[in-house]
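Right, one structure below, let's go through it.
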Amino acid sequence: MPLDALEAPLIVAMEFASAAAVTSVGNVRASNEDRHLLGTFTNGTLVAVVADGMGGLAGGSMAAEITIETFANLAKNPLPTDPLGAYEGLLSCFYESDARLKAHLEFPEMGATVVAAYISPQGLLYLHAGDARMYHLRDGRVLARSIDHSVAQLSATLDPPMRVTGDFSSTVTSCVGGPGQFANLTVDPDWNNGHSDAYRPLREGDQIILCSDGLWNLTTDDEIAQIAFAATREAQACAIALAKAALDRGGDDNITVIVINVHTNLPELVETIE
């Protein structure tokens, strides 16, 4: 894979972590409808977002751009110090993006799947809508990942599971905006009784990956964990290696990967955040 198959990586280095984002149009698509955000709040908290646009070339690109713009505006404000405030602030961006896209009459079918995260020495906070994913990796294994909002995932939960094939299997059941009959906004993990699975404690050596389906459709969870573990200390090398794996297997979709490597010991971090 030539490196010019990837756009120039975006890199952020901080005291407690390093991060890198890469994106590629892939080997098949005419344009890249993925967009991403990687930056910091004034207090040094990382904010990372991947938006995968839908609704045609122009509509998909615009949907992803509007979504990223909405999340970028959040990062201009001070981050709430209480967990619920931080959660609600991140959640509000999903609903604001949804409203902005649905009000855009030029492309009424446009939408985007989204995964967004804050990363700080206090831990990870993430939310998602659709099938853009978050992976939390530790010691070369998947500690946790987001559960897709998709027809395929919904079918797998039935008893007995229903096998879904073809294009229908990739239909999402949640997104910001509106393409498709299943596109109602659901954002997970939710908030229950003062705590949420959206919060995850971190340890030195942990890796967080946010990605569009252009990566995970062509790799397994175990492969993602193994590739990432081989580049634990190099976020940029890790992001490039993951994108390369998808490109080498056909790259039939746009590919966007954000990698955050936690590289400072965090002895004060508690195991749960309530």
Is Cys211 close to Ile258 at the side-chain level, that is, under 4.5 Å between some pair of heavy atoms? no
Is it possible for you to say whether Leu215 and Val25 belong to one hydrophobic cluster, with membership spreading through side-chain heavy-atom contacts below 4.5 Å? no
Tell me whether the count of non-hydrogen atoms from other residues, nucleotides or ligands lying under 6.0 Å of CG in Asp197 goes above 12. no
Around atom CD of Glu234, are there more than 12 heavy atoms from other residues, nucleotides or ligands closer than 6.0 Å? no
Is a donor from one side chain sitting under 3.5 angstrom from an acceptor on the other, for Asn261 and Gln207? yes
With rounding to the nearest 0.5 angstrom, report the CZ to CD distance, Arg138 to Glu204. 11.5 Å
Side chains of Asp188 and His128 only: does a donor on one sit below 3.5 Å from an acceptor on the other? no
Using a strict cut-off of less than 4.0 Å between a Lys/Arg side-chain nitrogen and an Asp/Glu carboxylate oxygen, indicate whether Glu223 and Arg249 qualify as a salt bridge. yes
Going by distance alone, is a donor N or O of one side chain under 3.5 Å from an acceptor N or O of the other, for Thr220 and Asp222? no
Which heavy atom of Ala86 sits nearest a heavy atom of Tyr118, and at what distance? O-CE1, 3.6 Å
Under 4.0 Å between a Lys/Arg side-chain N and an Asp/Glu carboxylate O for Asp221 and Arg133? yes
Rounded distance [0.5 Å steps], CG in Leu242 versus CD1 in Ile224: 6.5 Å
Value for CG (Leu37) from CG (Leu46), rounded to nearest 0.5 Å, stands at 10.0 Å
With a 4.5 Å cut-off on side-chain heavy-atom distances among I, L, V, M, F, W and Y, is there a chain of contacts connecting Tyr87 to Leu90? yes
Would you please say whether a donor-acceptor pair under 3.5 Å links the side chains of Thr256 and Asp34? yes
Would you say Phe229 ends up clustered with Leu124 if hydrophobic residues are merged whenever their side chains have heavy atoms under 4.5 Å apart, either directly or through other cluster members? no
Measure the shortest side-chain to side-chain distance between Leu6 and Thr23 over non-hydrogen atoms and say whether it is less than 4.5 angstrom. no
